[in-house]
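Reading through the structure tokens given below for one structure.
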Protein chains: 2
Amino acid sequence: MAPKQKGNVDIVAVAKAAKVSPSTVSRTFNHPDLVSPATRKKITRAVQKLGYVRNRAAQMMHGKRSGTIGLVVPTINHAIFAEVIQAFSDAIDQAGFTLLLASHGYDLDREYEMVRKLMEHRVDGVALIGLEHSAATSRLIAQQETPAMAIWNYAEESELPCVGADNRLAGRMAAEHLLELGHRDIGLIFPDTRGNDRAQYRLSSVLEALQESGVSVPEDRMSEAPYSVAQAKQAAIRLLSGSAKPTALLCGNDVIAQGALYGAQKCGLRVPEDVSIIGIGDFKGSADIEPGLTTIRIPAETIGSLAGQRFTDYITSDTREQFRLRCGLERVVRGTTGPAA
Amino acid sequence: MAPKQKGNVDIVAVAKAAKVSPSTVSRTFNHPDLVSPATRKKITRAVQKLGYVRNRAAQMMHGKRSGTIGLVVPTINHAIFAEVIQAFSDAIDQAGFTLLLASHGYDLDREYEMVRKLMEHRVDGVALIGLEHSAATSRLIAQQETPAMAIWNYAEESELPCVGADNRLAGRMAAEHLLELGHRDIGLIFPDTRGNDRAQYRLSSVLEALQESGVSVPEDRMSEAPYSVAQAKQAAIRLLSGSAKPTALLCGNDVIAQGALYGAQKCGLRVPEDVSIIGIGDFKGSADIEPGLTTIRIPAETIGSLAGQRFTDYITSDTREQFRLRCGLERVVRGTTGPAA
DNA sequence: AATAGTATTGCAAACGTTTTCATTAATCTT
DNA sequence: AAGATTAATGAAAACGTTTGCAATACTATT
């Protein structure tokens, strides 16, 4: 029991073991070139032997960066965010940062709490999903002067630096595809748009595009469904079981579209002959469903990666020049859309 | 510009503004009952005005917990982990902890790096997926005396405290279901089992159960597919396109099973009349596919929640009593399995 | 061999908190 | 009303690092 000290292996323990001063140990880590090779070797050996692990919290107290980046998402659970989180995480990891992750369940007040929590940990930056945030959140970010960015949604008028896609355009593209195929009676299934600017933008631009072509969407052609295959399926069944059915269903995202597809099948309708279905997102798996889902592709992985790279650059550079990146959208026509009957 | 000091709002700035000593400010946060209500109010006001945010890194230097828990997963991207991560995150959040997340892409050496990285941030605990880890990782954990646990896999002989399901049993249950239905010619589609004890356990127990019933699985009935609907679909097509087809496909997880289902459909086979398909996991969406996927349900959300609760309890209690929780498995028979032809 | 560099190292202060101890003020006891 | 508690506050040390400055030991120059 004598030689085995408890977990208090700190830089001075290492220094003692290597018979040098703590400063030298510190320098070995931070400015190796200032330390003679021989000393460095001694120290490395001591570090090995004692199993010393650097304490970033202590470093941080010297104005050093914490090496963490906070990401606040509505939810981790959905395919689409999972993909961005993964890509973002990988990208910042590459730059030596670690991810602090929090989710708020589409509640902007909880988002504020989460951002605050992350700031208590002195993250070097905080990334949020979307452009709509509470005033308190914005104030907090400005006040703390913490680098912040928005992911997922692009808008040129955005306050925060952002990397994402233009969700308004996404909605418009989906609508136009249906319009081009001759659909005039279109059903809409969207998630709740409160606190969700992505859905909001998509829905309003769909409505706008439809309007421009003289197509209106009556109340009974609109349905709300959360991000859930099962509930979207139900919503689709409701929309599709009336006597005068819409000839197409435009869905707020691919998960909903997948549910809609199952719903249509359940109603004995052929897709796309009897009813066309289009989603937005192009999630993993959307290509593999039978028939393949027609959708507007949002490059989640690209967005996540790019966001991670740009953000770490932004944080580590001293210039702090703003950035706003728009990632391209792509119409992916597969098997679920066809000409209107 | 005069009154607006830069971001150096620390506890002494607050103290100055409230005309008290830093100690009192600190106490207001940590032991409010030791501070008179009047003083407390003054301080609260100063905190508000200056927008002070506590610095947990600095607190941590006093032996306080960092308030973070590290979670290292193979990947964030898969439905199944996304679900555990969400549940785990929510649970630890409840207890006032924040999640530090890292992924290693099924590479045990990278897992070690990630654990190390997390420890530099002095996480209060680190949770790993599965029970198979490199010796270096185990050594590191032991050496640092950081609380650690395993999620997802249960084994009574586990070194680490664990919360999860018995994957061996899962494999056995899937095999037995097929056996009960009279299947004797069974195709297997599994992911690469290296560095993935979940898959390993499942596969070996499937083989074992089949063996016990005198069913052997020749080389050409086994196929490997990564966690991808598309590639599983291809694998299934390969298995199903010979002249003598297996009457059932047992898949290592639900994503693979979903791909297999599409593959079967692509081959013009009816499910379950011509071929039965069973998965393991019961992912979100498995219930909604047409036909609904028969599978062995692993309660991801329960596991994540329970793990989070138990782990935070474990960390905050001083007793540190080990725990090992086995979460129940459930055979969910839906539409993809039927009696052998 | 003396001078001027230069490379290497150590000392001590600093970072933003918490906490122990001491001090003062206020409230009881009797 | 004096002494004894108790409540509220402050001073200073401590936590594990980093870093500016000073000190020492080399190595070139001449």
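In what follows, chains are A, B, ... by sequence order, proteins preceding strands, each numbered from 1.
- A nucleotide of DNA chain D counts as in contact with chain B when one of its atoms lies under 4.0 Å from a heavy atom; the first and last such, 5' to 3', are dA8(D) to dG16(D).
- Under the salt bridge (charged side-chain N to carboxylate O under 4.0 Å, His left out) criterion, D93(B) pairs with R110(A), K117(A), not counting sequence neighbours.
- Contact annotation for Y52(B): backbone-only contact, meaning every heavy-atom pair under 4.0 Å involves sugar-phosphate atoms and none involves a base.
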Side chain to side chain donor-acceptor pair (under 3.5 Å) evaluation trace for S103(B) with Q86(A): CA-CA 8 Å; S103(B) 69; Q86(A) 174 77 68; 3.0 Å; yes
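- Residues from residues 14-28 of chain B lying near DNA chain C, meaning a heavy-atom separation below 4.0 Å, are S23(B), S26(B), R27(B) in numerical order.
- No side-chain donor-acceptor contact under 3.5 Å links S305(B) and T302(B).
- A tilted orientation is assigned to the rings of Y52(B) and F29(B), their planes being inclined by 30° to 60°.
- The CZ-P distance, from F29(B) to dT17(C), rounds to 9 Å in whole Å.
- T137(B) and S134(B) share a donor-acceptor pair across their side chains, judged by distance under 3.5 Å alone.
- Cation-pi geometry between R324(B) and Y154(B) is not met: the NZ or CZ atom fails to fall both under 6.0 Å from the ring centre and inside 45° of the normal.
- Between the side chains of H121(B) and T68(A), no donor-acceptor pair of N or O atoms lies under 3.5 Å.
- With rounding to whole Å, N30(B) atom CG is found 15 Å from dT20(C) atom C1'.
- Atom-to-atom, NE2 of H62(A) to P of dA12(C) comes out at 17 Å; the value is rounded to the nearest Å.
- Ring geometry, Y106(B) versus F81(B): the interplanar angle falls from 30° to 60°, so the pair is classed tilted.
- Dashed line: the shortest gap from a side-chain N or O of H31(B) to OP1 or OP2 of dT19(C) is under 4.0 Å.
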